Participant: 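Before we start, here is the structure in question, set down as structure tokens.
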Amino acid sequence: MRNVLIVFALLVAIVWLGPALLAFVGAVLVGGVVMIFDVLIAAVVVLCLAGLAYLLGAVLLNSLLLGVVLAGIVLLVVGFSVLWPLLLLLALVWLVSSRSPRRLA
């Protein structure tokens with residue numbers, strides 16, 4: 001008997017509150033779907049902008065690093081090719097002067 005009363009109460013609640021519940025559920029579902037699409041569109045736009053910024057930064061940074069490395073290599077080669085006689089002279093002086101003097105016993 002108790003179960004019959006519960007079922008009857010639920011049926012009366014559904015019949016009496018049915019239109020309001022359907023309107024509420026429909027509004028929540030439609031609003032939720034619209035909200036999800038709004039969030040998805042915003043997320044896609046933000047991800048596209050972030051990807052573009054990352055791509056731009058990576059291209060510029062890699063170009064900058066490549067330019068700095070190449071400039072360093074060029075300066076090293078030019079410096080060595082210009083200063084090799086001085087470097088050779090300094091190496092010879094170091095080789096001659098690096099030996100400690102021997103004492104005569």
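Since the structure is predicted, the reported quantities are computational estimates derived from the model, not experimental observations.
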Participant: Could you tell me if the side chain of L64 sits less than 4.5 Å from the side chain of L60, heavy atoms only?
Facilitator: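 Counting from C-beta outward, L60 and L64 never come under 4.5 Å.
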Participant: Would you kindly confirm whether L76 and W84 end up in one hydrophobic cluster when ILVMFWY residues are joined by side chain heavy atoms under 4.5 Å apart?
Facilitator: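 No; tracing contacts between hydrophobic side chains, which count when under 4.5 Å, never links both residues.
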Participant: Rounded to the nearest 0.5 Å, how far does CG of L83 lie from CG of L90?
Facilitator: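 With rounding to 0.5 Å, CG (L90) is 9.5 Å from CG (L83).
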Participant: Establish whether V77 and V69 are linked, either directly or via other cluster members, by ILVMFWY side-chain heavy-atom contacts under 4.5 Å.
Facilitator: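 Yes.
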Participant: Can you get from W94 to L88 by hopping between Ile, Leu, Val, Met, Phe, Trp and Tyr side chains that sit under 4.5 Å apart?
Facilitator: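 Result: no, two separate clusters.
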Participant: Could you measure the distance from the CG atom of L70 to the CG atom of L75? Nearest 0.5 Å is fine.
Facilitator: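 Going from the CG atom of L70 to the CG atom of L75 covers 11.0 Å.
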